[in-house]
Every structure is written in C-alpha cells, then in structure tokens.
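Notes for the one structure printed next.
As a basis for the values below, the full set of heavy atoms in this structure was taken, side chains included, without hydrogen atoms, waters or symmetry mates.
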Amino acid sequence: MNINSAFNSGVEGFQKATETANQAAADIARSVGYNPEEPTIGQQENDNIGEQNNASGDLADLNKSIVETRVAEYQAKASANVIKTADENLGTLLDVSV
C-alpha cells in the first residue's frame with residue numbers, strides 16, 4: 001500500500017492548480033482574440049472582438065474559463081495550506097522527539 005505524504009499531496013495539488021490556471025488563461029486569450037504575434041491597441045479592435053465573441057457563442061466559454069481561474073486560485077490556496085500544515089506538524093514532531 002502506497003501512502004503519500006502531506007507534502008506530496010500539497011505539491012501535487014499546487015501543480016494541478018497551476019496547470020488549470022495556465023489552461024484557463026490560454027482559453028481566455030484565445031476567446032478574446034489575443035494574438036501575441038500581432039498586438040493591437042484601440043477601442044475599435046476591442047469592439048470588433050466583442051461582437052465576434054457574442055455572435056459565435058464564445059461568451060459562455062469565456063465565462064467558464066474565468067470561473068476555472070478562480071477554482072485554480074482556491075485550489076492553490078488550499079494546497080498551500082496543506083503544505084504549511086504538514087510543515088508545522090513535522091516541526092512539532094521534531095520538537096517532541098529531540
């Protein structure tokens with residue numbers, strides 16, 4: 001039977017949160033029409049992209065991606081708390097045994 005340590009669980013959770021956030025950010029950039037090779041500045045371009053998104057139904061995908069970034073944020077915070085608690089427990093165990 002394989003038992004993972006709390007540190008490993010926290011790190012795995014943090015890595016998963018990072019992957020989720022990166023994917024959601026890429027989806028958001030794609031849905032708003034961001035192209036790093038052709039940066040554009042101006043309200044007219046933003047208006048055109050907004051009209052394209054509404055017309056193609058990408059607004060639901062954009063909302064989903066935004067929610068996924070928030071989920072990834074909370075997952076990262078929870079994983080950081082797991083790592084912090086594991087660190088505190090390890091410190092307590094070392095203090096008791098020394």
Side-chain angles (χ1 to χ4, degrees):
M1 183 161 102
N2 186 11
I3 300 175
N4 288 335
S5 73
F7 282 114
N8 288 343
S9 296
V11 170
E12 288 173 8
F14 203 81
Q15 289 172 340
K16 176 68 173 150
T18 302
E19 291 171 10
T20 301
N22 286 339
Q23 183 61 46
D27 292 344
I28 290 169
R30 185 174 41 255
S31 69
V32 297
Y34 177 73
N35 185 357
E37 285 80 30
E38 298 177 20
T40 58
I41 300 174
Q43 188 61 39
Q44 183 63 31
E45 293 294 326
N46 291 336
D47 291 343
N48 291 340
I49 290 170
E51 290 173 10
Q52 292 170 357
N53 287 341
N54 289 335
S56 65
D58 289 340
L59 193 56
D61 292 337
L62 177 62
N63 289 337
K64 179 183 174 196
S65 296
I66 292 170
V67 169
E68 286 178 0
T69 59
R70 295 297 290 190
V71 169
E73 176 187 355
Y74 288 118
Q75 184 178 8
K77 286 179 182 179
S79 296
N81 285 336
V82 168
I83 293 169
K84 180 181 175 185
T85 302
D87 182 48
E88 290 171 355
N89 285 336
L90 180 62
T92 302
L93 288 173
L94 288 176
D95 290 342
V96 169
S97 64
V98 172

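- Residues Ser65 and Ala24 come closest through the heavy atom pair O-CB, 3.5 Å.
- For the atom pair CD (Gln75) and OG1 (Thr18), the distance works out to 8.5 Å, reported to the nearest 0.5 Å.
- Counting all heavy atoms, side chain and backbone alike, Ala76 lies closest to Ala17 at N-CB, 3.7 Å.
- Gln23 and Asp27 share a side-chain donor-acceptor pair at under 3.5 Å.
- Of all heavy-atom pairs spanning Ser79 and Phe14, the tightest one is OG-N, 3.3 Å.
- When all heavy atoms are compared, the tightest approach of Ala6 to Val82 is O-CG1, 3.5 Å.
- How far CG of Asp61 is from CD1 of Ile28: 11.0 Å, rounded to the nearest 0.5 Å.
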* To do: Step by step, work out the salt bridge (charged side-chain N to carboxylate O under 4.0 Å, His left out) result for Lys16 and Glu12.
  => CA-CA 6 Å; Lys16 176 68 173 150; Glu12 288 173 8; over 6 Å; no
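- By the 4.5 Å side-chain criterion applied to Ile, Leu, Val, Met, Phe, Trp and Tyr, Val67 is assigned to a cluster that also includes Val71.
- Ile66 CD1 to Ser31 OG: the interatomic distance, rounded to the nearest 0.5 Å, is 7.5 Å.
- Here Thr69 contributes atom OG1 and Asn22 contributes atom CG; the two are 11.5 Å apart, rounded to the nearest 0.5 Å.
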